[in-house]
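The sequence lines fix the lettering, A, B, ..., with proteins before strands; numbering per chain opens at 1.
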Number of protein chains: 2
Amino acid sequence: MSSGGGRDERVNSLVRGLEVLKAFGRYHEPMTISEVATETGLTPASARRMLLTLTDLGYVELRGKRFRVGPKVLDLGYSYMSSMPIWQIVQPTVERISEKFSVSSSASVLDGCDIVYAVRANNRQASSVLVSTGTRQPAHVTSMGRVLLAFTEPERRETILSQIHFSAYTSHSVMDIDQLRLILEQVRGQNFSIVDEEMEFGLRAIAVPIRNKRGEVVAAINAAGSNRALDLDYLKNTVLPAMFEAANMIKANLPA
Amino acid sequence: MSSGGGRDERVNSLVRGLEVLKAFGRYHEPMTISEVATETGLTPASARRMLLTLTDLGYVELRGKRFRVGPKVLDLGYSYMSSMPIWQIVQPTVERISEKFSVSSSASVLDGCDIVYAVRANNRQASSVLVSTGTRQPAHVTSMGRVLLAFTEPERRETILSQIHFSAYTSHSVMDIDQLRLILEQVRGQNFSIVDEEMEFGLRAIAVPIRNKRGEVVAAINAAGSNRALDLDYLKNTVLPAMFEAANMIKANLPA
DNA sequence: GCCATTTTTTCGCTATGCGAATATTAATTC
DNA sequence: GAATTAATATTCGCATAGCGAAAAAATGGC
């Protein structure tokens with residue numbers, strides 16, 4: 001981006017301001033000016049200016065001495081949901097799957113090494129994991145992440161793989177990049193993925209890719225629940241066909 | 001904000017950049033530089049700089065000649081959800097209500113003249129209205145909006161009321177500020193609201209306030225469905241007590 | 001190929017936003 | 001309550017960041 005002309009085409013004040021907004025997501029609590037300054041590396045005077053600007057615009061609210069984000073920031077995220085017709089189609093679909101199979105059903109996309117949840121319908125008996133639009137989870141230990149990685153362009157995939165930080169979320173978590181490559185190859189072959197207790201004990205999930213009319217994988221959809229309730233045969237023989245069907249229906253309804 | 005000192009404490013480049021982000025929510029489609037420039041009033045050179053910055057940061061993606069927001073913008077909205085413990089408590093609650101009564105159940109807050117949805121659990125038989133985190137609806141014709149307005153500080157409420165744009169969403173919509181004031185007074189007295197086909201034909205909803213430990217109303221929770229399925233007696237005698245109970249449970253679980 | 005439009009690049013310019021320093025206020029310690 | 005420390009608000013000199021205009025290059029439509 002700094003190529004050519006020697007002049008920076010990047011608006012640094014915007015970068016700094018967004019950094020302040022981002023800090024609220026990391027900190028999880030209302031913050032004072034000083035805390036924002038510390039969290040962002042800005043001087044107190046700069047942090048204050050950014051905060052006052054964000055407050056003026058309504059994205060941040062001042063309560064006493066502390067700033068916190070207000071509901072208006074949801075507008076920024078909402079633009080993602082409203083600008084892509086796919087989510088309007090997927091939303092009722094995950095609701096149907098959730099109800100039909102008493103599972104938690106979600107759809108997500110890949111962003112960096114994470115999946116980002118876009119829509120979700122939960123059956124409470126299925127899962128007590130708190131997930132909402134925007135929730136991130138590490139792609140490599142989630143069913144949807146596996147699907148999305150498997151069908152990502154090879155070069156891009158290798159870049160992502162090289163950035164993965166392997167952690168033992170459970171004792172079942174994949175910890176090795178070569179093992180993960182094998183898994184993804186398998187996923188590519190079978191066109192679905194199953195993850196069993198790799199991110200969370202007791203949780204089993206199955207995911208399939210959502211393709212657009214050009215055949216490109218644009219999202220993934222899953223069904224998840226406790227492994228006690230979701231027996232593998234049931235998953236493969238009953239749930240999976242319905243999910244392929246759902247993915248095809250979504251594809252059929254996507255604009256060209 | 002421009003008070004004192006004669007110097008503007010507002011960072012205009014941040015304002016402009018956020019204006020560009022906001023434009024994507026309005027436009028609902030991928031945009032070219034020129035379209036962004038037109039939509040925001042910036043010059044093409046400025047619009048380009050903002051777009052390149054946002055792209056560099058990952059919030060916007062360039063596809064061919066068009067820019068569109070990427071899933072990373074959901075991080076910005078997510079900071080709202082993650083910084084307030086209330087939504088973690090409310091999420092399973094709305095799921096329970098939705099399942100128990102075969103309704104759509106949501107929670108929202110007031111922002112300007114709108115309610116902004118924070119969490120939702122939908123039963124597809126109940127509602128096919130597409131709502132997700134961040135969805136806005138006019139407060140004055142929604143059950144939750146009525147509750148939130150009723151319990152807003154009087155001065156603030158009058159300011160909001162004076163900004164309401166009365167439209168006939170249906171033939172039942174309230175169209176008069178005095179009538180609305182009467183309704184809100186009633187809501188205050190009974191501590192719940194029912195809205196019947198005021199925003200959407202066939203839709204009936206009931207809402208109660210969620211209070212924090214200090215007794216302040218901080219959100220509203222509702223149950224909604226078709227007026228065919230949700231008979232008024234059932235709503236008042238069966239659903240409403242459960243909602244009061246839910247609101248109390250949420251309050252009990254909120255941090256001090 | 002021609003023309004209109006859009007995008008990209010360049011660059012002079014100034015006002016924007018910066019950080020340092022100081023004043024004021026608030027919080028903490030004894 | 002007084003003294004001290006920390007945080008916030010304000011001021012201001014300054015230089016560079018970001019601007020818009022203009023030109024060059026690229027693209028799209030006929």
Side-chain angles (χ1 to χ4, degrees), chain A residues 1-24 26-70 256, chain B residues 1-24 26-57 59-70 83 256:
Chain A
M1 170 130 192
S2 309
S3 56
R7 286 272 180 87
D8 204 345
E9 294 183 287
R10 198 160 136 126
V11 179
N12 278 308
S13 296
L14 175 58
V15 177
R16 286 161 159 244
L18 288 170
E19 194 59 39
V20 168
L21 259 192
K22 238 168 75 181
F24 284 101
R26 281 198 309 271
Y27 206 78
H28 288 189
E29 304 221 7
M31 293 197 266
T32 62
I33 290 173
S34 297
E35 281 159 354
V36 170
T38 300
E39 191 69 21
T40 56
L42 297 177
T43 60
S46 283
R48 184 171 174 273
R49 270 194 298 268
M50 294 298 169
L51 285 167
L52 292 186
T53 302
L54 292 168
T55 303
D56 219 31
L57 295 177
Y59 294 112
V60 168
E61 296 170 346
L62 176 60
R63 269 284 205 78
K65 283 284 170 354
R66 293 189 169 258
F67 297 87
R68 68 176 195 187
V69 283
Chain B
M1 170 131 195
S2 308
S3 57
R7 285 271 178 89
D8 206 342
E9 293 184 288
R10 201 161 136 125
V11 181
N12 279 307
S13 295
L14 176 58
V15 176
R16 285 158 160 246
L18 288 170
E19 193 59 42
V20 168
L21 257 191
K22 239 169 72 182
F24 284 102
R26 281 196 312 268
Y27 207 77
H28 288 189
E29 304 220 9
M31 292 198 269
T32 62
I33 291 174
S34 297
E35 280 161 353
V36 170
T38 300
E39 191 69 23
T40 56
L42 297 177
T43 60
S46 283
R48 183 169 176 273
R49 272 195 295 269
M50 295 297 170
L51 284 166
L52 292 186
T53 302
L54 291 168
T55 303
D56 219 29
L57 294 177
Y59 295 112
V60 168
E61 296 170 346
L62 176 60
R63 267 285 204 78
K65 286 284 166 167
R66 293 188 170 260
F67 296 87
R68 68 175 194 187
V69 284
S83 64

Indicate the atoms forming the closest heavy-atom contact of A:V69 with B:S83, along with that distance.
CG2-OG, 3.7 Å
Tell me, for nucleotides 19-29 of chain C in 5' to 3' order, what letter each nucleotide earns: B for a base near a protein heavy atom under 4.0 Å, S for only sugar-phosphate near one, - for neither?
BB-----S---
Below 4.0 Å: OP1/OP2 of C:dG17 and any side-chain N or O of B:S13:
yes
Treating B:T40 as the side-chain partner and B:E19 as the backbone partner, does any N or O pair qualify as donor plus acceptor under 3.5 Å?
no
Atom-pair distance (CG on A:L54; P on C:dG17), nearest Å:
13 Å
Spacing of B:I33 atom CD1 and B:K65 atom NZ [to the nearest 0.5 Å]:
8.5 Å
Measure CG/A:L52 against P/D:dT11 and give the value in whole Å, please.
14 Å
Return the value, rounded to whole Å, for the distance between atom CE of A:M50 and atom C1' of D:dT8.
18 Å
Quick one: does B:V15's side chain get under 4.5 Å of A:T53's, heavy atoms only?
yes
Roughly, in whole Å, what's the span from CD in A:E19 to C1' in C:dC18?
17 Å
Please list, in numerical order, the residues of residues 30-40 of chain A that have a heavy atom closer than 4.0 Å to any atom of DNA chain D.
A:T32, A:I33, A:S34
5'-most contact on DNA chain D (nearest-nucleotide basis), A:N12 vs A:F67, goes to A:F67
Tell me the interatomic distance from B:R10, atom CZ, to D:dA9, atom P, rounded to whole angstroms.
18 Å
So among B:L21, B:V36, B:T55, B:V20, which one has a side-chain contact (heavy atoms from CB on, under 4.5 Å) with B:M50?
B:V20
Tell me the bend of the helix from C:dG1-D:dC30 to C:dC30-D:dG1 as the angle between end helix axes, each from five pairs, rounded to the nearest 10 degrees.
60°
Taking every non-hydrogen atom, the tightest pair across B:E39 and B:A23
CG-CB, 3.7 Å
Can you tell whether the side chains of B:R49 and A:E9 come within less than 4.0 Å, N to carboxylate O?
no
Say whether, by atom type as modelled, one donor and one acceptor occur between the side chain of A:R16 and the main chain of A:S46 under 3.5 angstrom.
no
How many whole angstroms separate atom CG of B:L51 from atom C1' of D:dG18?
15 Å
Can you tell if the side chain of A:L62 reaches within under 4.5 Å of the side chain of A:L52, non-hydrogen atoms only?
no
Answer yes or no: is there an ion pair linking B:R66 with B:E35, defined by an N-O contact shorter than 4.0 Å?
yes
Interatomic distance, A:R48 CZ vs D:dA9 P [rounded to whole Å]
5 Å
Would A:V60 and A:F24 satisfy side-chain contact (heavy atoms from CB on, under 4.5 Å), going step by step from the backbone distance to the final call?
CA-CA 10 Å; A:V60 168; A:F24 284 101; 4.1 Å; yes
